[in-house]
Colleague: 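Here it is: the structure, laid out below.
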Amino acid sequence: MAEKDHSYDPSGVEEKWQKYWDDHGINRFTRDGLRAASDPFYNLMMFPYPSAEGLHVGNIYAFTGADVHGRYQRLRGRDVFEPIGFDAFGIHSENFALKMGIHPMDLIPKNVENFTRQLRRIGGMFDWDHTVDTTDPAYYRWTQWVFLQLFKAGLAERKEAPVNWCPSCMTVLANEQVVGGLCERCDTPVEQRRIAQWFFAITKYAQRLLDNLDEIDWSESTTKAQRNWIGRSEGAELAFPLVPHDEGHDPVDPESVAARDDAHTIRVFTTRPDTVFGATFMVLAPEHPAVELLVTDEHQVVVDAYQRQAAATDLVARQKTDKTKTGVFTGGYCRNPATGEAIPVWIADYVLMDYGTGAIMAVPGHDERDFEFAREFGLEIPRVVAGEGEDADTPLESAYVGPGRLVNSGQFDGMDKDEAIRAITAWLGERDLGELRVNFRLHDWCISRQRYWGPPIPVIHCDGCGPVAVPEADLPVVLPRVEDFKPDDSGISPLARVKEWYEAPCPQCGALARRETDVSDTFLDSGWYFLRYPSTDSDDRPFDDEITKRWLPVDTYIGGNEHAVLHLMYSRFLTMVLHDLGHLEFEEPFARFRAHGLIIRNGAKMSKSRGNVIVPDPIIESVGADAFRLYLMFLGPFEEGGDYRDEGIEGPRGFLNRLWDAAQSAEDRAPDPDVERKLHQTIQQVTDQIPGLQYNTAIAALMEYLNAVRSGGRVAARAEVEPLVVMVAPFAPHIAEELWAGFGHEGSIFDAAPWPRFDAEKAKESTVEVAVQVNGRLRATIRIPADASREVAEAAARAQENVVRYLDGASVRKVIHVPNRLLNFVVG
RNA sequence: GCCGGGAUGGUGAAACUGGUAAACACAGGGGACUUAAAAUCCCCCGGGCGUCACGCCCUUGCGGGUUCAAGUCCCGCUCCCGGCACCA
């Protein structure tokens with residue numbers, strides 16, 4: 001045992017063991033090691049974007065929580081693979097590089113270096129032989145490979161589409177990167193532009209992405225967010241034939257309404273086909289192709305003006321729900337297939353081209369938006385559904401969207417809403433004017449970025465052959481070093497200025513052709529990185545089959561819920577595609593996902609502008625990484641986050657000091673039976689709570705146990721402290737190593753699989769305290785043998801003076817006995 | 001508006017399946033040890049009332065309810081945090 005007055009010096013201990021882990025490869029796997037692992041556990045955390053500021057406390061919180069889990073599994077004897085990497089491509093890095101005037105190729109390695117230093121310093125169990133850097137050609141070669149697999153499978157298409165354009169970042173943004181109409185990065189209002197872009201057909205997987213959510217063990221909040229994002233809705237697609245301009249607007253017999261050719265029929269998606277009799281007008285998105293056919297000469301000017309205005313107004317203003325509805329009449333009509341009426345067709349920006357068919361049947365009586373629109377423009381608002389206590393003539397003060405029976409709906413009058421949905425769709429279906437239909441809110445994934453700092457999309461555009469895939473053998477398409485990488489408002493990638501780079505022969509016909517100059521979205525980089533980690537040794541394939549089979553899917557993935565719908569959805573999608581193409585045996589990448597909470601400070605959100613950001617380095621310097629980790633895990637439930645109060649770290653710090661002292665001075669003797677009982681109760685609780693990420697209460701239990709060990713200043717027995725050291729190890733790995741070595745063990749504690757075994761017999765209390773209530777109010781507590789019978793408990797309770805007082809003169813009607821907990825006399 | 005998650009002492013938070021509300025910790029107060037300090041150990045620490053022993057009453061955002069018993073379950077609200085939002 002070490003000398004007694006050798007006091008705890010965190011930085012010395014931590015430096016020593018970090019070096020030991022490094023020198024002995026404690027956390028590193030060889031390729032053979034990965035292939036041979038007998039009990040693999042893949043412990044993943046979301047890799048960071050290596051900013052110039054360094055790791056922030058949110059990263060450390062997340063990584064520590066994940067690391068605790070990994071270290072726990074390791075102490076239980078599992079082969080734990082815990083990799084880390086750097087998500088270093090993207091607009092964030094590029095903007096920062098522009099601001100600093102440093103080329104990202106110079107800047108990123110510095111940031112990565114700094115991050116690496118910090119990640120080592122917090123004591124994560126990272127396998128530094130299997131890191132990933134998305135900007136490394138050895139990595140993005142395979143990102144490009146992933147693109148090619150989708151391209152070849154017909155899941156990558158190039159289409160011109162209205163896109164979100166940020167005039168400040170001068171780039172296209174994905175819908176998901178537009179927050180409330182503003183650019184996610186710089187809060188500039190976003191405009192619309194039309195550019196040809198590459199899209200991944202994620203919508204083809206919408207139903208599967210939805211269905212599989214039932215099968216995976218994920219945080220409820222995350223699966224809920226994904227369900228909402230996918231946004232499945234059931235309804236019908238109904239057809240409204242155009243009324244030729246030279247035909248009158250008189251109603252016709254509904255049964256005679258027939259479908260015309262596609263160009264002369266407007267299809268709408270509706271979840272309420274039962275209300276079709278109330279569809280008194282129609283609204284198209286301003287961009288809808290049928291507008292051209294519908295518009296009459298006298299309306300041409302206003303329609304043009306409105307379309308131009310809508311195109312210039314970004315998706316921002318368009319998505320404001322609180323503004324008054326705008327729109328213009330096209331002059332054209334189409335026929336309501338249920339009523340035979342000719343109804344006017346309007347265009348309005350509240351109808352979105354990229355949802356459903358870009359056209360709606362407006363039912364002002366039963367849709368809030370249509371109601372508002374009809375009010376605004378003085379359109380008729382008939383009732384076709386009557387709720388409880390209403391009839392066909394009850395006036396509508398607002399849109400009625402509740403349940404009810406049909407009215408003013410011809411032969412369907414009196415029918416229940418839900419029944420009518422089926423009946424009316426079937427009726428229209430007989431004339432090919434309607435069919436049941438499912439729609440999704442999810443959009444295809446636009447992966448094109450007209451920027452510099454990303455992996456070039458591996459396609460060559462040939463005048464003769466069209467877009468041609470770069471042959472896999474020619475990967476990677478290396479991003480050239482371009483000194484002037486600033487985007488301009490041409491909307492064309494900076495790579496388009498580098499002629500010697502973009503000129504290339506067509507892989508098919510050999511003619512001079514042009515490389516795609518867009519780079520891909522960072523979410524493509526991060527959409528498959530977990531597949532690469534175990535296979536970073538293989539440079540001839542993206543992932544080694546044997547290793548992948550052994551290690552994937554990921555056992556536990558821990559990360560922030562800010563990625564609930566983007567990163568996590570794209571990762572699932574890519575995995576599904578690679579599965580379908582025969583590259584993977586599984587189709588869900590993350591068996592278990594847990595979202596961690598957020599850290600606030602002194603009750604307020606942390607932000608640079610408030611100047612209340614926690615800077616980790618000085619804290620680690622003064623109290624050590626172990627105390628910092630322990631405190632972060634202690635301050636609240638991991639999945640909920642917590643409030644970081646600066647003084648609070650004193651608790652965990654003092655605990656480690658006392659643990660150190662107890663271990664240093666421990667004596668070789670038999671454990672005290674009471675302490676041993678408490679030990680086994682603690683083992684039970686901690687073993688139960690760590691896998692459930694209930695770290696704060698597990699730590700409380702460890703503290704409570706140490707208090708018991710040291711109570712009254714008693715000197716600990718070694719057998720009392722040694723298991724505690726093991727249980728502390730996931731949270732405070734360095735001190736645990738040092739104390740473990742101090743007990744005379746060779747090697748790392750994490751190689752010894754020493755997690756203490758729980759012994760129920762030893763944990764058992766011989767006596768228990770039982771609450772005694774009279775009419776539900778606590779009147780006494782009694783200490784009686786564990787598992788005592790009702791009779792024994794009742795006798796002991798009745799012997800209590802205070803209980804007697806309350807039972808005196810009253811008749812006991814009932815006695816409730818909860819063994820080992822409570823006895824309640826019901827008197828009356 | 002919709003979907004998640006919350007609201008418990010001075011503070012961060014505990015509370016298993018409905019069964020002694022406030023574990024663990026911070027801050028605060030008192031004491032022991034010490035020349036002193038640090039560290040450590042012991043005691044007090046939701047509010048009110050008693051013959052501050054024994055004991056009683058109130059208390060988990062608000063209002064109802066179920067139950068022998070409710071922080072926990074049910075109904076109706078308020079507020080806070082996060083996400084989505086003209087999705088037909």
Side-chain angles (χ1 to χ4, degrees), chain A residues 7 176 179-180 219-225 227-229 231 233 235 268-272 283 318-323 325 348-352 354-363 367-370 372-373 439-443 561-562 564-565 595 597-598 600 602-603 605 631 634-637 639-652 654-655 657-658 661 685 688 694 696-704 707 710-714 769-781 801-802 805 813-818 820-828:
Chain A
S7 71
E176 304 89 81
V179 178
S219 292
E220 167 87 5
S221 57
T222 313
T223 52
K224 262 283 161 48
R227 281 200 173 88
N228 289 342
W229 193 257
S233 77
V268 301
F269 174 71
T270 176
T271 53
R272 294 293 305 277
V283 187
R318 280 192 69 165
Q319 282 176 4
K320 284 247 161 86
T321 54
D322 49 356
K323 67 168 189 181
K325 297 269 181 294
D349 65 4
Y350 80 92
V351 176
L352 309 175
D354 58 3
Y355 181 77
T357 61
I360 60 159
M361 64 175 203
V363 183
D367 180 280
E368 280 161 28
R369 296 150 303 185
D370 300 343
E372 210 185 302
F373 190 83
N439 227 330
F440 296 93
R441 213 194 67 118
L442 185 71
H443 291 120
N561 232 0
E562 67 272 17
V565 290
L598 299 175
I600 58 171
N602 300 326
K605 211 162 148 179
Y631 179 47
F634 179 65
L635 53 73
E639 292 178 77
E640 283 164 39
D643 190 356
Y644 187 100
R645 283 155 44 262
D646 298 1
E647 327 79 66
I649 201 164
E650 288 306 325
F655 169 75
N657 275 324
R658 293 189 291 275
D661 186 68
Q685 184 179 343
D688 179 54
Q694 293 157 281
N696 56 331
T697 48
I699 293 167
L702 296 172
M703 289 174 165
E704 208 174 328
N707 289 345
R710 289 169 64 82
S711 151
R714 75 183 279 279
E769 198 174 51
V770 169
V772 182
Q773 299 179 337
V774 178
N775 281 346
R777 311 196 72 112
L778 186 71
R779 296 304 175 194
T781 57
E801 200 186 321
N802 206 39
R805 248 174 62 203
R813 289 198 311 205
K814 196 152 105 180
V815 180
I816 313 275
H817 180 230
V818 182
N820 298 333
R821 304 289 313 208
L822 163 141
L823 198 67
N824 185 13
F825 293 92
V826 184
V827 304

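The analysis underlying the following values was restricted to heavy atoms, covering all of them including side chains, and did not include hydrogens, waters or symmetry mates. It should be emphasised that the depicted structure is a prediction, and the values quoted were computed from it without experimental measurement.
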Colleague: At less than 4.0 Å, is any side-chain N or O atom of A/R777 found next to OP1 or OP2 of B/rA70? Yes or no.
Modeller: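 Answer no for this pair, as no side-chain N or O of A/R777 is under 4.0 Å from OP1 or OP2.
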Colleague: Angle between ring planes, A/F373 versus A/Y350, binned at 30° and 60°: parallel, tilted or perpendicular?
Modeller: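 Correct class here is tilted.
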Colleague: Does A/N696 have a side-chain nitrogen or oxygen under 4.0 Å from the phosphate oxygens OP1 or OP2 of B/rA14?
Modeller: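 Indeed, a polar side-chain atom of A/N696 lies that close.
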Colleague: Between A/A771 and A/G356, which has a closest nucleotide on RNA chain B that is more 5'?
Modeller: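 Its nucleotide being nearer the 5' end, the pick is A/A771.
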Colleague: Measure from the side-chain heavy atoms of A/T270 and tell me the nearest of B/rA88, B/rC3, B/rA69.
Modeller: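 Nearest nucleotide to the side chain: B/rA88.
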Colleague: Is B/rG65 in the syn range, within 90° of 0, or in the anti range?
Modeller: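 With its glycosidic angle more than 90° from zero, B/rG65 counts as anti.
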Colleague: Does the distance from a Lys or Arg side-chain N to an Asp or Glu carboxylate O, for A/K224 and A/E220, drop under 4.0 Å?
Modeller: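 Between A/E220 and A/K224 there is a salt bridge, with a charged N closer than 4.0 Å to a carboxylate O.
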Colleague: What nucleotide among B/rC56, B/rU20, B/rA23 has an atom nearest to a side-chain atom of A/R779?
Modeller: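 The answer is B/rC56.
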Colleague: May I have the distance from A/I816 (atom CD1) to B/rU20 (atom C1'), rounded to whole angstrom?
Modeller: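 Distance check: A/I816 CD1 to B/rU20 C1' gives 16 Å.
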Colleague: Quickly work out the A/L822 CG to B/rC68 C1' distance and round it to whole Å.
Modeller: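 Those two atoms, CG and C1', are 9 Å apart.
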Colleague: Using atom CG of A/D643 as one end and atom P of B/rG9 as the other, report the distance to the nearest whole Å.
Modeller: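 In whole Å, B/rG9 P lies 15 Å from A/D643 CG.
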Colleague: At less than 4.0 Å, is any side-chain N or O atom of A/R710 found next to OP1 or OP2 of B/rC41? Yes or no.
Modeller: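 Yes, A/R710 has a side-chain N/O under 4.0 Å of OP1/OP2 on B/rC41.
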Colleague: How would you label the contact of A/E769 with the nucleic acid (heavy atoms, under 4.0 Å): base, sugar-phosphate, or nothing?
Modeller: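 A/E769: base contact, heavy atoms under 4.0 Å.
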Colleague: Check whether A/N439 reaches the backbone of A/G235 with its side chain - one donor and one acceptor, N or O, closer than 3.5 Å.
Modeller: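 Flag not set: sc A/N439 to bb A/G235 has no pair under 3.5 Å.
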Colleague: OP1, OP2 of B/rC3 versus side-chain N and O of A/K224: anything below 4.0 Å?
Modeller: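 No, no such contact exists.
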Colleague: Name the pairing partner of B/rA7, where a pair is Watson-Crick or G-U wobble with both distances under 3.5 Å, or state none.
Modeller: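 Partner of B/rA7: B/rU78.
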Colleague: Check every strand shown and say whether A/F634 touches a base, only sugar-phosphate, or nothing at a heavy-atom separation below 4.0 Å.
Modeller: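 Base, at least one base heavy atom under 4.0 Å.
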Colleague: Can you check whether A/N602 has a side-chain N or O nearer than 4.0 Å to OP1 or OP2 of B/rG12?
Modeller: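 No, because none of the side-chain N or O atoms of A/N602 sits under 4.0 Å from OP1 or OP2 of B/rG12.
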Colleague: Starting at CG of A/N707 and ending at P of B/rC24, how long is that distance when rounded to a whole Å?
Modeller: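 Distance check: A/N707 CG to B/rC24 P gives 7 Å.
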Colleague: Does B/rC2 have a Watson-Crick or wobble partner in any strand here, with both distances under 3.5 angstrom, and which is it?
Modeller: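 Because both required distances fall under 3.5 Å, B/rC2 counts as paired with B/rG83.
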Colleague: Could you state the atom-to-atom distance from CD1 of A/I699 to P of B/rA25 in whole Å?
Modeller: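 For the pair A/I699 CD1 and B/rA25 P, the rounded distance is 12 Å.
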Colleague: Please name the nucleotide paired to B/rG19 by Watson-Crick or G-U wobble geometry with both distances under 3.5 Å, or report none.
Modeller: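 Paired with B/rG19, as far as the under-3.5 Å criterion goes, is B/rC68.
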Colleague: So what does A/T222 hit on the nucleic acid, given a heavy-atom distance under 4.0 Å: a base, only sugar-phosphate, or nothing?
Modeller: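 Contact class for A/T222: none.
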Colleague: Under 3.5 Å for both donor-acceptor distances, Watson-Crick or wobble: does B/rA36 have a partner, and if so which one?
Modeller: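 By the stated definition (distances under 3.5 Å), nothing pairs with B/rA36.
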Colleague: Can you check B/rG9 for me, syn or anti if syn means within 90° of 0?
Modeller: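 Syn, angle within 90° of zero.
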Colleague: Can you tell me the pairing partner of B/rC41 across any strand shown, Watson-Crick or G-U wobble, with both distances under 3.5 angstrom?
Modeller: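 Across all strands, the one nucleotide that pairs with B/rC41 is B/rG31.
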Colleague: Strictly below 4.0 Å: does A/R227 bring a side-chain N or O up to OP1 or OP2 of B/rC84?
Modeller: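 Answer is no, no contact under 4.0 Å.
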Colleague: When you match A/S233 and A/L778 each to their closest nucleotide on RNA chain B, which lands nearer the 5' end?
Modeller: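 Taking each residue's closest nucleotide, the earlier one in sequence belongs to A/L778.
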Colleague: Can you confirm if the aromatic rings of A/F634 and A/F655 lie within a centre distance of less than 6.0 Å?
Modeller: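 No, they do not, as the ring centres are separated by 6.0 Å or more.
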Colleague: State the pairing partner of B/rC49; accept Watson-Crick or G-U wobble contacts with both distances under 3.5 Å, and report none otherwise.
Modeller: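 Check on B/rC49: paired to B/rG55, both distances under 3.5 Å.
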Colleague: Heavy atoms only, 4.0 Å cut-off, all strands: where does A/S221 land among base, sugar-phosphate and nothing?
Modeller: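 Touches sugar-phosphate only.
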Colleague: Specify the separation, in whole Å, of atom NE2 of A/H817 and atom P of B/rC68.
Modeller: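 Answer to the nearest Å: 19 Å.
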Colleague: Does the side chain of A/R658 get closer than 4.0 angstrom to OP1 or OP2 of B/rU40 through an N or O atom?
Modeller: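 Answer yes for this pair, as a side-chain N or O of A/R658 is under 4.0 Å from OP1 or OP2.
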Colleague: What is the pairing partner of B/rA13, taking Watson-Crick or G-U wobble pairs with both distances under 3.5 Å in any strand?
Modeller: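 Its partner is none (no Watson-Crick or G-U wobble pair with both distances under 3.5 Å).
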Colleague: Any donor-acceptor pair, under 3.5 Å, between the side chain of A/K605 and the base of B/rC81, if you only look at N and O atoms?
Modeller: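 Side chain to base: no pair present.
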Colleague: Taking the basic N atoms (NZ, or NE/NH1/NH2) and the acidic carboxylate oxygens, is any pair closer than 4.0 Å for A/D349 and A/K325?
Modeller: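 No salt bridge links A/D349 with A/K325.
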Colleague: Which of the following nucleotides, B/rG55, B/rG19, B/rA23, is nearest to the side chain of A/E704?
Modeller: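 The listed nucleotide nearest to A/E704's side chain is B/rA23.
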Colleague: If you check every side-chain atom of A/F269, which of B/rG19, B/rG55, B/rA88 has the closest atom?
Modeller: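 So the nucleotide nearest the side chain must be B/rA88.
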Colleague: Specify the separation, in whole Å, of atom OH of A/Y350 and atom P of B/rA88.
Modeller: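 Interatomic distance, OH of A/Y350 to P of B/rA88: 13 Å.
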Colleague: Would you say the base of B/rC16 and the side-chain of A/R821 have a donor-acceptor pair closer than 3.5 Å?
Modeller: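 Counting by modelled atom types and ignoring angles, a donor-acceptor contact under 3.5 Å is found here.
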Colleague: How many whole angstroms separate atom CZ of A/R441 from atom P of B/rA85?
Modeller: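 Interatomic distance, CZ of A/R441 to P of B/rA85: 5 Å.
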